[in-house]
Amino acid sequence: MPENAPSTRVRTRFAPSPSGHLHVGGARTALFCWAYAKGRGGDFILRIEDTDQKRSSDASSMAFLEDLKWLGLQWDEGPEFNGSGGGDRGPYYQSKRLDTYKPYFQKLLDSGAAYMAFETAEELDAARATARAEKRAYRYDRASLKLDPATVEQYIREGRPYVVRFKVPDDTQLTFRDEVLGEVAVSSGEVDDFVIRKADGYPTYHFAVVVDDELMGITHVIRAQEHTNNTFKHNLIQEALGFNRPTYAHISVVTNPDGSKMSKRDKDKALRAAVREAKLDNAPEFQPGTDVTIREEEWAWWMESKDRQLNMEAVKALAEYLGVEVPEIDIDDFRRAGYLPEVMVNYLALLGWSPGENIEKFDRDFLIQRFSLDRIVKSPAKFDRDKLLAFNLDAIQAMSVEQFTDRLREHCRQFHPEFLEKLDDDAFSMLAAANHERSKTLEDPVRTCRFFVVPDDHIVYEHSKPVRKHLTGGEPSGFEHLEALAETLAELSRWTAEGLEHAISEYANVHASGKLGKVAQPLRIAVSGGTVSPPIFDTLAILGKQSTLNRINLCLAKREELSTPA
RNA sequence: GACCCCAUCGUCUAGUCAGGUCUAGGACACCAGGUUUUCAUCCUGGGAACAGGGGUUCAAAUCCCCUUGGGGUCGCCA
């Protein structure tokens, strides 16, 4: 098999189909391709495998470009997007390369390496169903190969639709060397005469991938292990066309906690199950506020088969409607959940690869320097959210307050603008600083600090036992402390965390035998509605004097109500 | 079902290719203590694995075979 000469420039590619966001598994594949090429002074190419005309191609289907960018994976060639892409070996969309494929189809047809087949999809489905019912393995029977030339010619004249199939040789061993798996072999009898050109004239994945990899000068194919068996087909086409065989590395799949393959279709799967559970027969009418609708045809189409996906907006709306959590599998899900891109990169790299030496925290540059195919683990890796979270926490703790503030501001700008609208720069900075040490994600401050951006009289007090206890318990009780504190604080001139600490600690020394907790918790409840908030002095400082006093008074006004169990 | 691939703590993994330094290392999770004005941190300690069975060898987590288990693929999807 032709090895690439050492002098050849390394070129890898990531080749997704345009179907929405980048999911975790795809992201890891892209990361490995990128790291391998970049570590060797090579090129990382992005190619869009859009040879399925049935698949929707709305704008949101290219959302993964943004995800790739967010992770910091620049592509040297491919679709142009935000500074990445371009290149002179395009177009990088397979649907725009139809003319390119034509002569290669012809070559295979002429040489007899491929042939036309006239069975319809329906006929083949039926044959497969029969085989299944009889519990035997389905094999294409090569009926069209046995047609005599005159018949074939006649069929073509009649305008019968046909596909082109590759004629797989009988009785040989097909082998290839894989950089992670080693030698992989199968006997050719296991490989069907596969379709390389669909009835609509589009190439199938197998064909397009081979032609494009050759024409784009791809030297290393790093892809998921689900493609291992396809490699034999690709090798066959390469040989028939006189192409180079690139170096292969098949990386194991990333699985869900239950061990099943993590798939971009998991969200739809979860939703379909929920729909059946809820016995929903038709597309629901969503809330008037949303402009999302699912048409009847779309609904039926989607429910019909497990490999069909709804668009992003519909997924979100339907999940909300059904009140179910769809699994977090897309890079974008983690971005929204407040994970840092560098942490995602670090964690993803650890799924199936490790640098050894007990090193597991590293950045992109380290990855580029150290990444190699021979340290890739062969077995599937479960995606462990706990560990990801722990890494995210560590990364946040390692930041300076200023860095954290900037990151949080950016996160809010994108996903929670109300925090920037309601809080001025100073208050926002204080909020960020107060949350720095207690946040595991950029979403944590947002989630636990909603009360800052709510009007004073909209505070909702939690009717729970701990709340009641902190308010009514003790001698003096929490309410009594609040009454006293309202006066003390009203007279406080230095409304800063330090000033507040001074005043409140002093109060606690005198009236609560130095037990700060006795006064901090009632205060916390009064201003936030619950028992959880940033450190109390910071909280009050951010809130400001007026809001603090308003809320204490509001809490006191609800004394009766908050003293009795709900 | 057929074929391909895989197999170290609950999880991600180091160690396997070049057998001895492995009474198997790290991280996450877990458990027990401790610090802390809440939550979250943080500190200390602890339990936790070579799937099973046969070989080969002075010696096996490491090499070979079988069994079992897991994953992947069997589309005019990619």
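Letters A, B, ... are given to chains in the order of the sequence lines, protein chains preceding strands, and every chain is numbered from 1.
Distance CZ (A:Arg524) to C1' (B:U36): 11 Å, rounded to an integer number of Å. Per the geometry, CZ belonging to A:Phe537 stands 9 Å off P belonging to B:U37, to the nearest Å. Regarding A:Trp353, its CH2 atom lies at a distance of 10 Å from the P atom of B:A14, rounded to whole Å. Distance CG (A:Leu351) to P (B:A14): 12 Å, rounded to an integer number of Å. At whole-Å resolution of the value, CG in A:Leu393 and P in B:A40 are 12 Å apart. Computed from coordinates, the A:Arg375 CZ to B:C17 P distance equals 14 Å when rounded to whole Å. A:Asn392 places its CG atom 12 Å from the P atom of B:U41, with the value rounded to the nearest Å. Across the protein-nucleic acid pair, A:Ile251 atom CD1 and B:C6 atom C1' stand 15 Å apart, rounded to whole Å.
Across the P atoms, B:U21 and B:C43 are found 33 Å apart, a figure rounded to whole Å. The gap from the P atom of B:G26 to that of B:A49 amounts to 14 Å, rounded to the nearest Å. B:U16 and B:A7 have their P atoms separated by 14 Å, with the value rounded to a whole Å. When the C1' atom is compared between B:A32 and B:A51, the two are found 31 Å apart, to the nearest whole Å. B:G70 and B:G52 have their C1' atoms separated by 15 Å, with the value rounded to a whole Å. B:G15 and B:G25 are spaced 8 Å apart, taking the C1' atom of each and rounding to whole Å. B:G20 and B:U35 have their P atoms separated by 46 Å, given to the nearest Å. The separation of B:A24 from B:U62, taken at their C1' atoms, amounts to 12 Å, rounded to a whole angstrom.
Each of A:Val186 and A:Glu357 was matched to the nucleotide of RNA chain B holding its nearest heavy atom; the match closer to the 5' end belongs to A:Val186. In terms of position along RNA chain B, the nucleotide closest to A:Val184 lies nearer the 5' end than the nucleotide closest to the other residue of the pair A:Val184 and A:Gly352.
For A:Lys102, the salt bridge (charged side-chain N to carboxylate O under 4.0 Å, His left out) partners are A:Asp99, not counting sequence neighbours. The side chain to side chain donor-acceptor pair (under 3.5 Å) check on A:Gln309 picks up nothing, with sequence neighbours excluded. Contacts of A:Asp363 classified as side chain to side chain donor-acceptor pair (under 3.5 Å), with partners at least two apart in sequence or in another chain: none. For A:Arg272, the side chain to side chain donor-acceptor pair (under 3.5 Å) criterion is met by no residue, not counting sequence neighbours.
Base engagement by A:Ile536 is indicated by at least one non-hydrogen atom pair under 4.0 Å involving a base atom. Heavy atoms of A:Val209 sit nowhere under 4.0 angstrom from any nucleic acid atom. If you check every strand for non-hydrogen atoms under 4.0 Å, A:Ala508 touches nothing. Heavy atoms of A:Ser379 sit under 4.0 angstrom from primed sugar atoms or phosphate atoms, though from no base atom.
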Could you encode protein contacts along nucleotides 68-78 of chain B as a string, one character per nucleotide from 5' to 3', using B for base contact, S for sugar-phosphate-only contact and - for no contact, with a heavy-atom cut-off of under 4.0 Å? ---SBS-BBBB
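Base pairing annotation: B:G1 forms a Watson-Crick or G-U wobble pair with B:C74, both donor-acceptor distances under 3.5 Å. Across all strands shown, the partner of B:C31 is B:G45, judged by Watson-Crick or G-U wobble contacts whose two distances both fall under 3.5 Å. Figure legend. B:A7 is base-paired to B:U68; pairs are counted as Watson-Crick or G-U wobble with both atom distances under 3.5 Å.
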Every protein N/O within reach of nucleotides 26-34 of chain B N/O, cut-off under 3.5 Å:
unit_1 : atom_1 : unit_2   : atom_2 : d
B:G26  : O4'    : A:Asn358 : ND2    : 3.4
B:A27  : O4'    : A:Glu360 : OE2    : 2.8
B:A27  : O2'    : A:Glu360 : OE2    : 2.3
B:A27  : N3     : A:Lys387 : NZ     : 3.0
B:C28  : O2'    : A:Lys387 : N      : 3.1

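For A:Phe232 and A:Phe176, the distance between ring centers is under 6.0 angstrom. A:Phe207 and A:Phe105 have their aromatic ring centers within a separation under 6.0 angstrom. Ring centers of A:His436 and A:Phe404: under 6.0 Å apart, within the cut-off.
Residue A:Ser354 has a polar side-chain atom (N or O) positioned under 4.0 Å from OP1 or OP2 of B:A14.
When distances are taken from the side chain of A:Lys382 to each of B:U41, B:C39, B:U11, the shortest belongs to B:U11.
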Please evaluate residues A:Asn235 and A:Gln238 with respect to the criterion side chain to side chain donor-acceptor pair (under 3.5 Å), reporting the C-alpha separation (whole Å), side-chain torsions for both, the decisive distance (0.1 Å), and the verdict. CA-CA 5 Å; A:Asn235 291 163; A:Gln238 282 153 358; 3.0 Å; yes
Apply side chain to side chain donor-acceptor pair (under 3.5 Å) to residues A:Glu119 and A:Ser144 and explain how you reach the verdict. CA-CA 8 Å; A:Glu119 295 80 8; A:Ser144 287; 3.0 Å; yes
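Using modelled atom types, one finds no donor on one side chain facing an acceptor on the other under 3.5 Å when comparing A:His234 with A:Tyr248.
Looking only at distances, no side-chain donor or acceptor of A:Ser354 sits under 3.5 Å from a matching main-chain atom of A:Leu350.
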